[in-house]
There are 2 protein chains.
Amino acid sequence: MIWTFVNNTFEPEEKATLQTGDLALQRGYAVFDYFRTVDHVPLFLEDYLDRFFHSAQTLFITIPHTRSQVRAIIAELIKKNNLPESGIRMIATGGYSPDSYTPVQGNLILQQQPLQLPDMARFERGIRIMTYAYQRDLPAVKSINYLMGIWLQKQLTEKGLDDVLYVQNDLISEFPRANIFIITNGGTLVTPAHNVLAGITRKKILEFAGALLPVETRDISVAELKNAAEVFMTSTTKRILPVTEIDGIRIGSGTAGPLTRQLQEQFIRLQESVTTAPYSRA
Amino acid sequence: MIWTFVNNTFEPEEKATLQTGDLALQRGYAVFDYFRTVDHVPLFLEDYLDRFFHSAQTLFITIPHTRSQVRAIIAELIKKNNLPESGIRMIATGGYSPDSYTPVQGNLILQQQPLQLPDMARFERGIRIMTYAYQRDLPAVKSINYLMGIWLQKQLTEKGLDDVLYVQNDLISEFPRANIFIITNGGTLVTPAHNVLAGITRKKILEFAGALLPVETRDISVAELKNAAEVFMTSTTKRILPVTEIDGIRIGSGTAGPLTRQLQEQFIRLQESVTTAPYSRA
């Protein structure tokens, strides 16, 4: 049985519920965050907690627990569920609003699910994507608004593509659930600076990549993207995943590029260094 | 006690719940609609059902009941709750999606609440609004995405304003929960043609107003809005409500204008004609 935490109690997953008056259900008004566990250890937990509490504050959502209480609930959830490799989702909603519009005391949900990362074959093959004109609302906030991303899934399926990259005024921003990086023909790593969610995987790469190659965060045009030597997406569930085709145009050699490989190896080393350190075990 | 219908059963309001895995909670992915009852009779029900089922279809949401079943559930809800003047909300969600992203069989919620319309003093005084650069996603669909509208409430409160009108590229579109009409200095009624939700109150006004004054649906610039003789909003819960100040600029005489009054009277006559007709009683 998998346990889910709702407000003050652990419930079996299928008994974890919210009243239909909650502002997430009435108005899609909630924030969330999502991190991995590696061998029972939460990866980069403090970064995710930073972002979760920041998202809530920006949307005037009151999380009914302190940060240290949330940390303790996570530890208990990991113990109860005993799922070594997992994803943990934290959701804080606008609460049971009497007028179905004004945020009140929020409701907190913590859910854990088994998680499998993309395998090496997937990494080698990379993914095929299309661009689409759209800009996420309040991009610095990890809200639950995925209306456009989910609505576009049907088009992706019909076209046999893996994902969609949002562009606006000829500048690229992000995927519905991931950031994007390019490696220019000159060998510089670049990721969009504006109108994107500050991904935790993105953050870690920006921290360590400077030792391997020059790094820039700035605007990237669609033309520069399509002319890049290598392109990859980053996210908690994907880590680093090469993008090998964009709007029908092949990127680089059409498989995972050499610098992308190096960054992936480096990221896995970083992950191993923090999850095997004894002090970070639950 | 107020009853809420969830999927197959009527539950007391506070026991009406969905599992936390529902796509509305996970990803804000759901559609809804909202109509009034007048002396126990649903007002313009078929129009609202048209829009509700159309919204669901556009978002690939499968409502687990047919249209005639939904109609029968509404009749039973009205009978059980005995709230003569009310609002009824229908929500259809993306369902309990195993991957928290792909819509599956939807969950259906029908909720009824007492509803009070704005009083005459409110109508006379009108409302004060600001404009804000934003365009709703998939505007023809009544989705639950109110991220921007709710986030802006704090600014409205701080400025002592009543609502916000979305504008994009110098053209006006709609309020978060209402349509907008202007009456030009030449005496023509105009409402934006594009990028708005097709409001039912808007629709009814467009149907009957031609007998009173010339009517156009077309683009409206911010400058034309602010120079209009009269401006009003329309919605299910507001009917017609004068807008008397926009971004600090007084509109017309600063109170409800003469043509707005005539349209409001006409709308109330229409409402009375359909809710007192014996065939439309439950």
Side-chain angles (χ1 to χ4, degrees), chain A residues 4-6 11-32 34 58-61 87 89 91 93-94 96-103 107-111 113 134-138 141 143-154 157 176-177, chain B residues 4-6 11-32 34 58-61 87 89 91 93-94 96-103 107-111 113 134-138 141 143-154 157 176-177:
Chain A
T4 295
F5 180 86
V6 183
E11 303 278 358
E13 197 173 32
E14 63 285 359
K15 295 204 170 160
T17 61
L18 285 187
Q19 293 174 29
T20 57
D22 185 86
L23 218 47
L25 267 159
Q26 297 276 316
R27 303 285 180 182
Y29 204 79
V31 293
F32 80 110
Y34 185 91
T58 306
L59 292 196
F60 320 113
I61 286 174
R89 187 184 304 264
I91 305 175
T93 75
Y96 298 137
S97 173
D99 68 358
S100 296
Y101 207 69
T102 310
N107 288 310
L108 177 69
I109 302 164
L110 292 172
Q111 295 174 303
Q113 288 165 318
Y134 181 67
Q135 170 59 56
R136 278 204 314 118
D137 301 341
L138 306 176
V141 173
S143 81
I144 62 165
N145 174 22
Y146 285 76
L147 185 66
M148 189 57 72
I150 294 179
W151 181 73
L152 286 169
Q153 283 295 110
K154 189 155 186 285
T157 305
R177 297 181 284 178
Chain B
T4 295
F5 180 87
V6 184
E11 302 280 357
E13 196 174 32
E14 63 283 0
K15 295 205 169 158
T17 60
L18 285 188
Q19 293 174 29
T20 57
D22 185 87
L23 218 47
L25 267 159
Q26 298 275 317
R27 302 286 180 180
Y29 205 78
V31 293
F32 80 110
Y34 186 90
T58 306
L59 291 196
F60 319 113
I61 286 174
R89 187 184 304 264
I91 305 175
T93 75
Y96 299 136
S97 172
D99 69 358
S100 297
Y101 207 68
T102 310
N107 288 311
L108 177 69
I109 302 164
L110 293 172
Q111 296 174 302
Q113 288 165 318
Y134 181 67
Q135 170 60 54
R136 278 204 313 118
D137 301 340
L138 307 175
V141 172
S143 81
I144 62 165
N145 174 21
Y146 284 77
L147 184 67
M148 191 55 74
I150 294 179
W151 181 72
L152 286 169
Q153 284 295 109
K154 189 155 186 283
T157 305
R177 296 181 284 178

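In what follows, every chain begins at residue 1, and chains take the letters A, B, ... in the order their sequences are listed.
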Quick one: what part of [X] sits under 4.5 Å from any heavy atom of chain B, side chain, backbone, both or neither?
X: A/Ala30; answer: neither
X: A/Thr93; answer: side chain
X: A/Gln153; answer: side chain
X: A/Ser100; answer: side chain
X: A/Gln111; answer: side chain

Determine the option with the most heavy-atom pairs under 4.5 angstrom with chain A, choosing from [options].
options: B/Phe60, B/Tyr29, B/Tyr101, B/Tyr96; answer: B/Tyr101
options: B/Gly94, B/Gly21, B/Gly149; answer: B/Gly149
options: B/Leu138, B/Ile109, B/Val141; answer: B/Leu138

Between [atom1] of [X] and [atom2] of [Y], what distance do you get to the nearest 0.5 Å?
X: A/Thr4; Y: A/Leu110; atom1: OG1; atom2: CG; value: 9.0 Å
X: B/Leu147; Y: B/Arg136; atom1: CG; atom2: CZ; value: 13.0 Å
X: B/Phe32; Y: B/Asn145; atom1: CZ; atom2: CG; value: 10.5 Å
X: B/Asp22; Y: B/Asn107; atom1: CG; atom2: CG; value: 5.0 Å

Nearest atoms (heavy-atom pairs only) where [X] meets [Y]:
X: A/Ile61; Y: A/Val31; answer: CD1-N, 3.9 Å
X: B/Gln19; Y: B/Leu25; answer: O-CD1, 3.8 Å
X: B/Thr17; Y: B/Val6; answer: O-CG1, 3.8 Å

Largest heavy-atom contact set with chain B, pairs under 4.5 Å, which of [options]:
options: A/Met148, A/Arg177, A/Glu14; result: A/Arg177
options: A/Leu59, A/Thr58, A/Ile144; result: A/Ile144
options: A/Gln26, A/Glu13, A/Gln113; result: A/Gln26

My understanding is that only residues two or more places apart in sequence, or in another chain, count here; which of them pass salt bridge (Lys or Arg N to Asp or Glu O under 4.0 Å) with A/Arg89?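 For A/Arg89 there are no salt bridge (Lys or Arg N to Asp or Glu O under 4.0 Å) partners, ignoring immediate neighbours.
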
Who pairs with A/Lys15 by salt bridge (Lys or Arg N to Asp or Glu O under 4.0 Å), at least two apart in sequence or on another chain?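 Expected list: none.
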
Could you tell me which portion of [X] (side chain, backbone, both or neither) has an atom closer than 4.5 angstrom to a non-hydrogen atom of chain A?
X: B/Glu11; value: neither
X: B/Ile91; value: side chain
X: B/Ser143; value: side chain

